[in-house]
Protein chains: 2
Amino acid sequence: MPTPDVSPAAHLIAARGGRVTRARIAVLEILQDSPRSLNHDDVAARLAADGMPHDRVTLYRTLDWLVEQGLAHRIIGPDRARRFKAGGETRSQHAHFHCDRCGHVLCLESIRPEEQFALPAGYQPERAELVFHGTCADCGRQRGTKA
Amino acid sequence: MPTPDVSPAAHLIAARGGRVTRARIAVLEILQDSPRSLNHDDVAARLAADGMPHDRVTLYRTLDWLVEQGLAHRIIGPDRARRFKAGGETRSQHAHFHCDRCGHVLCLESIRPEEQFALPAGYQPERAELVFHGTCADCGRQRGTKA
DNA sequence: GCAACTAATGCAACATTGTAGCATTAGCCG
DNA sequence: CGGCTAATGCTACAATGTTGCATTAGTTGC
Ligand SMILES: [Mn+2]
Ligand SMILES: [Mn+2]
Ligand SMILES: [Zn+2]
Ligand SMILES: [Zn+2]
């Protein structure tokens, strides 16, 4: 095998002009492998599980860098903790759904609030954050079964 | 003057069944007097200006209590600090506008996102938070004058 | 008005989330 | 390989919010 085994994550990182480090590859792959958004602790736990312990500060900086480069996007939950997700539409504005039961956050990429509302005169919106809170489909089924 | 001088704020507090304390009256009046939403520091500064220094923890608890009782409402800014505002529609869900230049937050009580969007099947929204970010009317005027 | 009861307060210590400075390591490039 | 410097790791710090508990003060009954 001459040079076939460079991961897609590594390619994305290199294409942004950043150095391809183990930390960036590992974090980006973790985000890509997760269908859910992850907070810092989630990512740190997965790194540790992979036998790749990491400095807390480095993880903050790595995640921030991925967001800057458009490889991930971030939303701020009601628990004032940031959650991250890779893939999908990382650039565009879209709504999210936060499940108050299981705590997970879902991207609703078809809902784009900035296109829908007229603001008072003089107000110049640059982006919009729309977060729904409630019960997700999984938790709703469990409740339906239970009570 | 026999018994005329019980402030409206005191009435509201008593009507909720809570004890009418100096802290609650002062904080509620500060929120009522401000057209802008205020964070903890803002409120603390106004308390201090009134010669009424207050414990940080008590202020947290007082503000939380006012929100619980429906006398104020709270939004979480992108700076992960809570902002509070009294009066207006403290119960209903409405959108907000956060000015990235001056940091102030405005209630947009005519915009109610939960009435406008259809979510995927199984998702049960209970409330929605919609926050626009950009430049407010005041800051927009200043920029127009300047550059 | 006064005493008693307890909600509310004040204080100290702690928790969580995120940042700044700086020496060291390790990607990258020739 | 050797040099350059981006990225890391570490320590210390900042901002925001919470917990436990002793003390104070609002209310209620008399
Ligand atoms: Mn998303
Ligand atoms: Mn509001
Ligand atoms: Zn759920
Ligand atoms: Zn402004």
Side-chain angles (χ1 to χ4, degrees), chain A residues 3 5-7 9-28 37-45 47-48 51-69 71-72 74-84 103 105, chain B residues 3 5-7 9-28 37-45 47-48 50-69 71-72 74-84 98 103 105:
Chain A
T3 49
D5 56 346
V6 191
S7 79
H11 272 299
L12 288 171
I13 293 166
R16 295 316 192 276
R19 289 189 179 173
V20 181
T21 68
R22 286 183 314 142
R24 283 177 181 169
I25 297 172
V27 172
L28 182 50
S37 62
L38 305 174
N39 62 24
H40 275 82
D41 278 345
D42 296 333
V43 177
L47 285 173
M52 249 195 95
H54 256 315
D55 180 61
R56 225 166 53 88
V57 178
T58 299
L59 180 51
Y60 273 101
R61 291 195 276 227
T62 300
L63 286 166
D64 287 348
W65 186 86
L66 291 174
V67 171
E68 276 170 26
Q69 302 303 315
L71 296 175
R74 161 175 54 197
I75 80 165
I76 304 168
D79 51 352
R80 29 186 261 114
R82 302 168 182 172
R83 291 180 160 268
F84 298 84
V105 175
Chain B
T3 50
D5 55 349
V6 192
S7 79
H11 272 298
L12 287 171
I13 292 166
R16 294 315 190 278
R19 289 189 179 173
V20 182
T21 68
R22 285 183 313 139
R24 284 176 179 169
I25 297 172
V27 171
L28 182 51
S37 61
L38 305 173
N39 62 23
H40 277 81
D41 277 345
D42 295 333
V43 177
L47 285 173
D50 295 357
M52 247 196 100
H54 256 315
D55 180 62
R56 227 165 52 88
V57 177
T58 300
L59 181 51
Y60 274 100
R61 291 196 274 229
T62 301
L63 286 166
D64 286 347
W65 185 86
L66 292 174
V67 171
E68 275 171 27
Q69 302 302 316
L71 296 175
R74 160 176 52 197
I75 79 165
I76 304 167
D79 52 353
R80 32 184 260 117
R82 302 168 181 172
R83 290 179 160 271
F84 299 84
H98 175 102
V105 175

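Every chain is numbered from 1, with letters handed out A, B, ... down the list of sequences.
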Practice task
Using whole Å, report how far CZ of Arg61(B) lies from C1' of dT24(D).
Solution key: 13 Å
Problem - Asp64(B) CG - dA8(C) P separation (whole Å) - result: 13 Å
Problem - DNA chain C: 5'-proximal contact among Arg19(A) and Arg80(A) (nearest heavy atom) - result: Arg80(A)
Fill in the blank from the handout: Whole-Å distance, Asp55(A) CG to dT25(C) C1', equals 13 Å
Handout entry: d(OH, Tyr60(B); P, dA15(C)) in whole Å
Key = 17 Å
Exercise for the section: Look at His54(A) and dG9(D) and indicate whether a side-chain polar atom (N or O) is within less than 4.0 Å of OP1 or OP2. Expected result: yes
Problem - Touch class at under 4.0 angstrom, heavy-atom based, for Arg82(A) against every strand present - result: sugar-phosphate
Practice task
Please determine if a side-chain N or O atom of Thr21(B) lies less than 4.0 Å away from the OP1 or OP2 oxygen of dA8(C).
Solution key: no
Practice task
Using five pairs at either end of the helix from dG1(C)-dC30(D) to dG30(C)-dC1(D), determine the angle between the two local helix axes and round it to 10 degrees.
Solution key: 40°
Exercise for the section: Grab the CG-C1' distance between Leu59(B) and dC11(C) for me, whole Å please. Expected result: 15 Å
Practice task
Identify, between Asp79(B) and Val20(B), the residue whose nearest nucleotide on DNA chain D lies closer to the 5' end.
Solution key: Asp79(B)
Exercise for the section: Quickly work out the Ile76(A) CD1 to dT17(C) C1' distance and round it to whole Å. Expected result: 12 Å
Handout entry: Separation of atom CZ in Arg83(A) from atom P in dT17(C), rounded to whole Å
Key = 10 Å
Exercise for the section: Take the protein atom CZ of Arg24(B) and the nucleotide atom P of dA8(C), then report the distance between them rounded to whole Å. Expected result: 4 Å
